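Every number for a ligand or one of its atoms is a count from 1 in the order of the listing. Residue indices begin at 1 and follow the sequence shown. Because the structure is predicted, anything quoted here is derived from the model rather than measured.
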Amino acid sequence: MKKIAVEEHFSTFELGEIRKAWTKRIGQDVEQNPEAGMQLVRVLSDFESFRLPQMDACDITKQVVSTSSPSVQGILDSSEAVEKAERINDLLYERIQRHPDRFAGFATLPMQAPKEAASELERCVKKLGFKGALIHGHTNFEYPDEQKFWPVWEAAAALDVPIYLHPNEPDPKQTELYRGYPEMRGATWVWGIETGTMALRIVLSGIFDAFPEAKLIVGHLGENIPYGLWRFQSHWAKAVSGGGPDEIKQRVKLKKSPTDYFRNNVWITTSGNFSVPALKCAAEVLGPERILFAVDYPFEECAEASDFIENADIPERYKQMICFDNAKELLKL
Ligand code: MN
């Protein structure tokens, strides 16, 4: 079954250095085997020797490629982030041009400078043909729903392209809950909770009322949201009834319910979550038209992702939508 994969990463030596400095800064300097680290950079920066053969083996006709975390969002200085984002997007464009039938791109954005980030998104979509942007969670501990970032959402809505919200390491203040259990960090648990919470913040912020055309993509089968959405909605309704606390009253009242936004403005992907029961739950809660195939290359195996969707006991037409049709329509491929 032909597939378009939408959370597939690349990196460069320079982005690897940004990542090192960033993990040190947040006190999560996970000591990595230098040899393994170099091999990961080689795989991430490659488009042809490792990547294309794996895509071929799994019937992945196209990868929509994005940076690995934290990309330029790990930089402290705004103007440095602006300059590097432009250079990295140009590099990705050049790589895509070598195999335009096999690759498409999501822009990396210098969120430290929201107006410049909005302009960079516009340049990437209009001049480089990118399909949207992928942002890595918070930027120097500011969350993407905050008012200062709304120019980016406004630009994405005007350009009719989605923003993919990808995990990043949390603010060190948030990690106390995991004290004594470092194995819960990262993809095991922390990223899902962190990113799912940010997606909920975006929904509650009113961004989708201000910009009804804005579109959000969330990976890992929705970062736990499909399973928890009923309870979220139920207690959200109680919390806001009668206006709720001042902090809620000061915000503009939402026009729709959280579930409505998830079914109209949000898409989820299968990246790194190859559970059939979770897939069925997501399809039932959000609808099969809102699910896109993704691997999370090279952090997950293409073959595992591919076998999972091909062998899942869901209707064949769902598979066709998830593997290909939904991405083709959403990203105008
Ligand atoms: Mn990823």
Quiz prompt | Cationic N near anionic O, under 4.0 Å, Glu83 to Arg87 | solution = yes
Quiz item: Does atom CZ of Arg231 have more than 12 heavy-atom neighbours, drawn from other residues, nucleotides or ligands, at distances under 6.0 Å?
Solution: no
Quiz item: Do Asp209 and Lys253 meet the salt-bridge criterion of a basic N to acidic O distance under 4.0 Å?
Solution: no
Exercise. For the Mn ion (ligand 1), find the closest N/O/S atom belonging to Glu7 and write down its atom name.
Key: OE2
Quiz item: Which angle, to 10 degrees, forms at the Mn ion (ligand 1) with OD1 of Asp296 on one side and NE2 of His9 on the other?
Solution: 80°
Practice problem: Examine Trp22 together with His138 and report whether their ring centres are nearer than 6.0 Å. | Solution: yes
Practice problem: Using only N, O or S atoms, tell me which atom of His166 is closest to the Mn ion (ligand 1). | Solution: NE2
